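Down below is the structure, laid out as structure tokens.
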Amino acid sequence: MLTAAEVDAVRLSLSIALRSVLFSLPLAVVVAWLLTRRALRGRLLLDAIVHLPLVLPPVVVGYLLLLLFGMRGPIGGWLYQTFGIQMVFTSAGAALATAAMSFPLMVRAIRISLEGVDAGLEDAARTLGAGPWDRFFSVVLPLMLPGILAGAVTAFAAGLGEFGAVITFVSNIPGETRTLPLALYTALQTPGGDAMAARLAIISFSLGLSGLIAAEFIARRVRRMLGR
Amino acid sequence: MFSIRALKHREGFVLDVAIQVDSPGVVALFGRSGCGKTTLANIIAGLLPADHAHIEIDGVALDGNGKSLRAEERRIGYVFQDARLFPHLDVMGNLRYGEKRVKSSISRRISLDMVAPLLGLESLLSRRVNQLSGGERQRVALGRALLSQPRLLLLDEPLASLDAARREEVLPYLEKLRDELAIPMIYVSHQFEEVLRLATHVVLMERGGVVSQGRLDELSLHPELRAIVGPDAVGAVLHGTVTAVDGGTGLATVRIGNNSLRIHLREAKVGAAVRVQLLARDIILATSRPENLSVRNVMTGAVSRVVADDADTDLVYVDIGGALVLSRVTRAASIALELRTGLPIWVLVKTVSIRGHAFYEAPETVQERSQQYESRPW
């Protein structure tokens with residue numbers, strides 16, 4: 001049914017999207033918390049930076065990543081020399097690019113759920129003897145769980161289809177960075193690749209749709225679990 | 001017992017209070033909405049930083065002299081107006097939340113086995129929070145606060161968000177807490193009815209300051225209280241002892257000063273301490289012994305003083321021997337009867353207009369109180 005190359009592309013897309021979510025989730029929670037609960041100086045700037053990938057052309061994001069995380073970039077060079085980690089032309093780099101692109105989606109979802117958590121409950125927890133970390137893990141985090149899960153699933157589904165930033169940053173290497181949309185693009189560029197392109201499009205379509213349905217389903221389940 | 005001084009400037013508002021209470025019991029912070037009661041409660045709990053604060057409870061300094069305990073270290077059981085139960089935990093989870101966080105060095109005086117029956121929570125333990133009624137939520141919030149082994153229970157209008165029926169459902173539990181647990185409480189309220197039922201000591205607040213503070217029976221005669229509760233709610237609060245109970249009519253005889261009152265009192269026992277409120281507008285005065293009236297309660301006394309209440313009415317303070325009663329009469333009646341200090345007078349009050357509440361008090365306190373009546377300023 002599917003060729004080895006197609007299976008590869010699906011597998012890569014799933015693994016890269018998953019890694020991008022795992023990597024960016026904790027950071028997104030911290031950023032969302034800073035943006036909602038802290039009277040932070042430079043909050044406007046942080047907010048803008050987080051949302052930049054939404055408005056920038058993905059190619060620009062890929063280019064910026066290349067500058068920062070390239071072998072001679074300030075972060076990429078340090079990563080390579082200290083840990084031997086290479087970002088460009090690897091699936092790790094693809095996950096990074098995907099994470100950067102879906103980060104605003106995730107922060108938004110988490111932020112909305114955090115805004116819905118009554119700060120009065122934190123005060124109640126304080127008077128009952130809970131310190132700051134304790135309050136966060138025993139009250140705030142469980143109550144924002146629906147938003148975290150919804151954000152993660154949406155980011156995962158969006159990450160399956162990231163194209164511009166990925167191809168700019170890590171190129172289009174079969175078996176390493178050629179995810180679904182890149183494989184689809186390649187198929188379209190190849191004479192006689194129409195059937196493959198159609199199959200890949202259908203797979204993308206079904207994955208995206210199931211992702212969105214799953215996100216809604218999970219959010220409902222969790223909301224019920226939390227008694228709302 | 002408590003010593004609280006706090007200063008807080010906010011835009012267009014200054015809170016500046018000094019409260020000193022020597023007896024344990026229930027201290028009511030009473031005043032109109034917006035007078036700074038909740039701000040003060042939050043400062044006491046440590047949720048709101050004050051510009052200056054000195055808070056001492058039972059000899060433990062919570063704030064002041066340059067050091068301020070954080071809210072989580074103060075051990076103040078705060079019951080909020082809106083309960084603030086954790087929606088992701090069931091009733092049991094909520095009750096245990098504070099209890100789990102009690103430091104091992106603190107002796108656990110209050111247990112779930114004690115609190116559950118006291119607050120009627122046994123059948124609620126496995127319920128989800130969103131399945132509770134408003135009254136049940138507040139009872140759970142009370143239990144949760146108590147199980148955190150607080151040195152003080154701080155209740156911020158816990159009944160304000162409930163309708164009258166739910167309020168009646170929760171009030172008896174609060175009375176039980178006061179009488180059985182002997183835990184000091186600060187009760188924030190703008191409902192005089194609640195203060196009347198629960199408080200032992202009242203702090204009258206207005207526009208961010210303390211107008212007056214003292215025992216409820218003293219304050220009930222205070223002109224400042226009239227300014228807050230309005231002329232129709234003014235009335236003497238008196239302490240008495242049940243001397244006889246008539247099972248047939250449901251009437252209890254209560255000794256107050258040198259007189260007796262017959263009032264409706266549920267579950268009264270002979271010897272029980274009772275607090276009654278006699279609304280000034282319900283008190284009828286007579287300058288000769290009245291006869292052939294339906295009124296069952298006739299007390300004898302002497303006019304202590306007459307003061308103008310407003311343009312057309314006077315407030316008459318009547319000494320009934322060891323206690324003062326307030327009567328509000330028209331200026332015309334006051335002139336016709338020639339009311340003046342020292343005039344012997346009969347005080348009439350209909351049984352049905354007396355509000356009485358059983359109230360636990362050691363008998364000797366009641367006695368001390370009667371003696372103290374001799375030296376009042378008004």
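Reminder, nothing fancy here: chain letters follow the sequence lines and each chain counts from 1. Values in this document were obtained by computation on a predicted structure and should not be read as measured data.
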Side chain, backbone, both or neither: which part of [X] has an atom under 4.5 Å from a heavy atom of chain A?
X	value
B:Leu85	backbone
B:Ala145	backbone
B:Arg144	both

Count the heavy atoms of every other residue, nucleotide or ligand shown that sit under 6.0 Å from [atom1] of [X], and state whether that count exceeds 12.
X	atom1	value
B:Phe13	CZ	yes
A:Phe136	CZ	yes
B:Tyr173	OH	yes
A:Arg41	CZ	no

Say you draw a straight line from [atom1] of [X] to [atom2] of [Y]; how long is it, rounded to the nearest 0.5 Å?
X	Y	atom1	atom2	result
B:Arg101	A:Arg126	CZ	CZ	14.0 Å
A:Asp118	B:Phe86	CG	CZ	10.5 Å
B:Leu47	A:Thr127	CG	OG1	6.5 Å
B:Lys100	A:Asp134	NZ	CG	9.5 Å

Item to check | Pair B:Tyr78-A:Leu128, side chain to side chain contact (heavy atoms under 4.5 Å, CB included): steps then yes or no | outcome: CA-CA 8 Å; B:Tyr78 200 147; A:Leu128 292 166; over 6 Å; no
Checklist entry - With no hydrogens and no angle check, is any side-chain donor or acceptor of B:Arg84 less than 3.5 Å from a backbone partner on A:Gly120? => result yes
Next on the checklist: Donor-acceptor pair, distance only, cut-off 3.5 Å: does the side chain of B:His88 make one with the backbone of A:Val140?
Outcome noted: no
Checklist entry - For the residue pair A:Pro132 and B:Glu72, what are the closest heavy atoms and their distance? => result CD-OE2, 3.7 Å
Checklist entry - Nearest heavy-atom pair of B:Tyr97 and A:Ala130: which atoms, and what distance? => result OH-CB, 3.5 Å
